[in-house]
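Chain letters run A, B, ... following the sequence lines, proteins first, then strands; residues in each count from 1.
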Number of protein chains: 2
Amino acid sequence: MNDTKYAKYEQPGVTIDLVIFTVDEDQLKVLLVKRAEEPFAGYWSIPGGFLQKGESLDDAALQVMEEKTGVSDVYLEQLYTFGRPDRDPRARIITVSYFALIPWKKLAQPESRKVTGLAWSPVDTAPELAFDHNEILDYAVKRLRAKASYSNIVYGLLPEAFRLSDLQKIYETIIAAKLDKRNFRKRMLATGLLEETGKKDLVGAHRPARLYRFKKREVVYLD
Amino acid sequence: MNDTKYAKYEQPGVTIDLVIFTVDEDQLKVLLVKRAEEPFAGYWSIPGGFLQKGESLDDAALQVMEEKTGVSDVYLEQLYTFGRPDRDPRARIITVSYFALIPWKKLAQPESRKVTGLAWSPVDTAPELAFDHNEILDYAVKRLRAKASYSNIVYGLLPEAFRLSDLQKIYETIIAAKLDKRNFRKRMLATGLLEETGKKDLVGAHRPARLYRFKKREVVYLD
DNA sequence: CCAAAAGTGTTATTGATACACCCATGC
DNA sequence: GCATGGGTGTATCAATAACACTTTTGG
């Protein structure tokens with residue numbers, strides 16, 4: 001920008017911060033990174049980074065995603081932009097927040113989990129975070145819960161093929177409530193968004209489960 | 001910001017753009033301003049302005065609102081942040097968009113309507129706008145339609161006291177569909193969000209209508 | 001008395017909820 | 001044969017949708 005022309009306006013730093021969710025061990029978890037530097041050195045924060053020259057906001061979010069998880073083909077949605085003048089003690093910085101969903105299985109490869117300074121924290125026991133990141137996290141959790149109730153967004157937390165009981169578990173975890181198995185299956189199959197893969201899940205000493213997949217791995221709103 | 005430390009990052013200009021809605025003549029309308037300067041001189045755009053030093057995003061939005069309409073006590077909600085690198089030909093500028101709702105009556109005072117270079121355009125016949133403002137407008141319309149269906153957000157388009165038929169008209173205008181009068185009234189009164197003012201609207205050669213108001217003029221989600 | 005909008009109930013349909021037992025497999 | 005999770009149907013209740021006439025006022 002032309003500094004003489006725009007001198008009286010703020011030219012803030014712009015960052016992208018990501019709330020990356022997964023469901024693991026029947027808990028909704030969020031990826032946190034430990035800050036090495038001031039401000040908030042030693043605090044946990046959600047992963048983020050500065051917007052690079054020529055980069056779109058979505059690209060910047062993807063960039064952070066790949067950097068921290070090694071994974072890029074995930075559900076990603078812009079959340080909200082936070083810009084309180086004092087939210088960063090260093091300088092005026094506004095942050096465009098995103099939330100992402102990632103199936104636990106994708107992360108189960110050892111290399112993407114061993115990075116130190118990274119941790120998956122259950123959302124309800126998340127520690128005090130740097131900056132206004134608790135606020136961002138709360139906002140993301142609300143959005144996820146709401147959106148799960150009127151869309152098929154949970155596909156982002158599931159692998160390609162899954163059992164209906166997996167799907168139900170994901171819903172129960174997100175909304176923190178038990179659901180009736182028969183009603184749940186009826187409702188899900190009635191949406192017409194699922195199809196059988198024809199395969200069966202053979203693990204365990206019990207009747208094998210049919211495996212389903214989402215016909216389309218993109219957001220569809222119900223009703 | 002410290003320019004040496006952050007030199008490799010983008011320091012974009014940050015603007016706030018507002019989609020200001022009202023309902024008038026049974027049409028959903030949006031406030032447009034005519035651009036005098038390049039780029040897009042002569043084009044219509046939605047009102048906006050640069051973020052000022054020390055100003056929060058919400059404050060900046062309010063500022064623009066007051067500047068263009070003379071009104072500040074209105075419904076205002078952050079919408080989405082647009083940041084394609086080429087969205088402004090001058091420089092890298094990202095814009096945090098907001099949408100606002102304003103009751104037509106508030107604008108009916110002559111002084112706030114006479115400003116030249118301002119126009120209320122029906123949303124479905126809006127012209128080609130500057131920058132990516134058509135995209136922002138479309139996004140706002142979708143958000144408004146969706147939110148009207150599961151919240152009491154329409155209070156922002158109504159004066160303090162109104163007839164149930166006014167309320168119904170607003171809904172019909174937003175969702176572009178006719179509603180059944182009896183079912184509509186039953187449903188609205190069942191929400192418990194309305195109360196009678198005790199007064200009656202006496203205009204017109206017909207039975208006077210009871211006037212209602214929202215118990216709380218703040219967003220409540222239904223269900 | 002006519003025109004105009006306000007106000008009011010009942011029935012049918014649809015969708016949501018509650019609820020319990022048999023099935024297929026591995027060990 | 002027993003433990004484990006998979007898979008299925010029906011009856012009740014609640015919410016939504018369809019539908020038409022009487023009332024009150026001003027002119």
Side-chain angles (χ1 to χ4, degrees), chain A residues 23 25-26 104-105 145-146 148-152 158-159 161-213 220-223, chain B residues 23 25-26 104-105 146 148-152 158-159 161-173 175-213 220-223:
Chain A
V23 169
E25 297 172 321
D26 299 344
W104 179 248
K105 276 200 174 173
R145 294 217 161 107
S149 75
Y150 61 82
S151 81
N152 66 341
L158 285 160
F162 49 86
R163 302 169 294 173
L164 288 181
S165 60
D166 294 329
L167 183 60
Q168 183 171 351
K169 259 288 161 54
I170 295 280
Y171 271 99
E172 290 179 336
T173 302
I174 291 177
I175 65 174
K178 282 269 164 210
L179 297 171
D180 177 83
K181 185 164 58 158
R182 280 169 294 188
N183 293 337
F184 177 81
R185 294 161 94 97
K186 235 183 304 175
R187 208 150 28 85
M188 284 298 141
L189 295 173
T191 63
L193 301 174
L194 297 175
E195 63 185 5
E196 289 192 45
T197 61
K199 297 183 183 161
K200 294 197 172 188
D201 178 56
L202 298 165
V203 301
H206 52 80
R207 178 171 174 178
R210 297 181 197 169
L211 292 175
Y212 289 80
R213 69 171 143 246
V220 177
Y221 298 97
L222 308 173
D223 291 2
Chain B
V23 169
E25 297 172 320
D26 299 345
W104 180 247
K105 276 200 175 172
S149 75
Y150 61 81
S151 81
N152 66 342
L158 286 160
F162 50 84
R163 302 169 294 175
L164 288 181
S165 59
D166 294 329
L167 183 60
Q168 184 172 347
K169 260 286 160 54
I170 295 279
Y171 271 99
E172 291 179 335
T173 302
I175 65 173
K178 282 268 163 212
L179 296 171
D180 178 83
K181 184 162 60 156
R182 281 169 293 187
N183 292 336
F184 178 81
R185 289 169 171 245
K186 236 180 303 173
R187 208 148 31 84
M188 284 299 140
L189 296 173
T191 64
L193 300 175
L194 297 175
E195 63 186 5
E196 288 193 46
T197 62
K199 296 182 182 160
K200 293 197 174 189
D201 178 58
L202 297 165
V203 302
H206 52 81
R207 178 170 175 179
R210 296 181 198 169
L211 292 175
Y212 289 80
R213 71 170 141 247
V220 177
Y221 298 97
L222 309 173
D223 289 3

J.: Over how many whole Å does the gap from B:Asp201 atom CG to D:dT24 atom P extend?
T.: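 The answer, rounded to whole Å, is 17 Å.
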
J.: Using side-chain heavy atoms (C-beta onward) and a distance below 4.5 Å, is A:Ile170 in contact with A:Trp104?
T.: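 No; the side chains remain at least 4.5 Å from each other.
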
J.: Could you list the donor-acceptor pairs under 3.5 angstrom formed by side chains in residues 195-207 of chain A, with sequence neighbours left out?
T.:
residue: A:Glu195; atom: OE2; partner: A:Arg213; partner atom: NE; Å: 3.0
residue: A:Thr197; atom: OG1; partner: A:Lys199; partner atom: N; Å: 3.1
residue: A:Thr197; atom: OG1; partner: A:Leu211; partner atom: O; Å: 2.9
residue: A:His206; atom: NE2; partner: A:Val203; partner atom: O; Å: 3.3

J.: How close or far is atom P of C:dA5 from atom CD of B:Glu172, stated in whole angstroms?
T.: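 Rounding to the nearest Å, CD of B:Glu172 and P of C:dA5 are 14 Å apart.
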
J.: Nearest whole angstrom, please: distance from the C1' of C:dA6 to the NZ of B:Lys169.
T.: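 The answer, rounded to whole Å, is 13 Å.
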
J.: What's the CG-P distance between A:Asp166 and D:dG6, to the nearest Å?
T.: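 It is 8 Å, rounded to the nearest whole Å.
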
J.: Just verifying a value: how many Å separate B:Leu158 CG and B:Lys169 NZ, rounded to the nearest 0.5 Å?
T.: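 Separation between the atoms: 12.5 Å.
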
J.: Tell me, do A:Tyr171 and A:Met188 make a side-chain contact under 4.5 Å, heavy atoms counted?
T.: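 A side-chain contact exists here, since the closest heavy-atom pair is under 4.5 Å.
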
J.: Could you tell me the separation between the CZ atom of B:Arg210 and the OG atom of B:Ser165, rounded to the nearest 0.5 Å?
T.: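 It comes to 12.5 Å.
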
J.: Which residue lies toward the 5' end of DNA chain C, A:Arg187 or A:Ala205, if each is placed at its nearest nucleotide?
T.: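 The residue mapped nearer the 5' terminus is A:Arg187.
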
J.: Please test A:Arg163 against A:Asp166 for salt bridge (charged side-chain N to carboxylate O under 4.0 Å, His left out), starting from the C-alpha separation and ending with a verdict.
T.: CA-CA 5 Å; A:Arg163 302 169 294 173; A:Asp166 294 329; 2.8 Å; yes

J.: May I ask you to evaluate whether A:Ser165 reaches the phosphate of D:dG6, defined as a side-chain N or O under 4.0 Å from OP1 or OP2?
T.: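 Answer yes for this pair, as a side-chain N or O of A:Ser165 is under 4.0 Å from OP1 or OP2.
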
J.: What string of B, S and - do you get for nucleotides 7-15 of chain C, 5' to 3', when a contact is any protein heavy atom under 4.0 Å?
T.: BBBB-----

J.: For DNA chain C, which residues in residues 191-199 of chain A have a heavy atom at a distance below 4.0 Å?
T.: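 Close to the strand, none.
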
J.: Roughly how far apart are B:Asn152 CG and B:Thr191 OG1, rounded to 0.5 Å?
T.: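 Answer rounded to 0.5 Å: 8.0 Å.
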
J.: Tell me which of B:Asp223 and B:Leu202 sits closer to the 5' end of DNA chain D, going by the nucleotide each one is nearest to.
T.: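 The 5'-side residue here is B:Asp223.
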
J.: Taking atom CZ of B:Arg187 and atom CG of B:Leu179, what is their separation to the nearest 0.5 Å?
T.: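 One gets 6.5 Å once the value is rounded to the nearest 0.5 Å.
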
J.: Between A:Gln168 (CD) and D:dG6 (C1'), how many Å, whole number?
T.: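 Rounding to the nearest Å, CD of A:Gln168 and C1' of D:dG6 are 12 Å apart.
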
J.: Does the side chain of A:Tyr150 come within less than 4.5 Å of A:Asp223's, by heavy atoms?
T.: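 Answer no - side chains too far apart.
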
J.: For A:Phe184 and C:dA18, give me the distance from atom CZ to atom C1', rounded to whole Å.
T.: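 Computing the A:Phe184:CZ to C:dA18:C1' distance gives 17 Å.
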
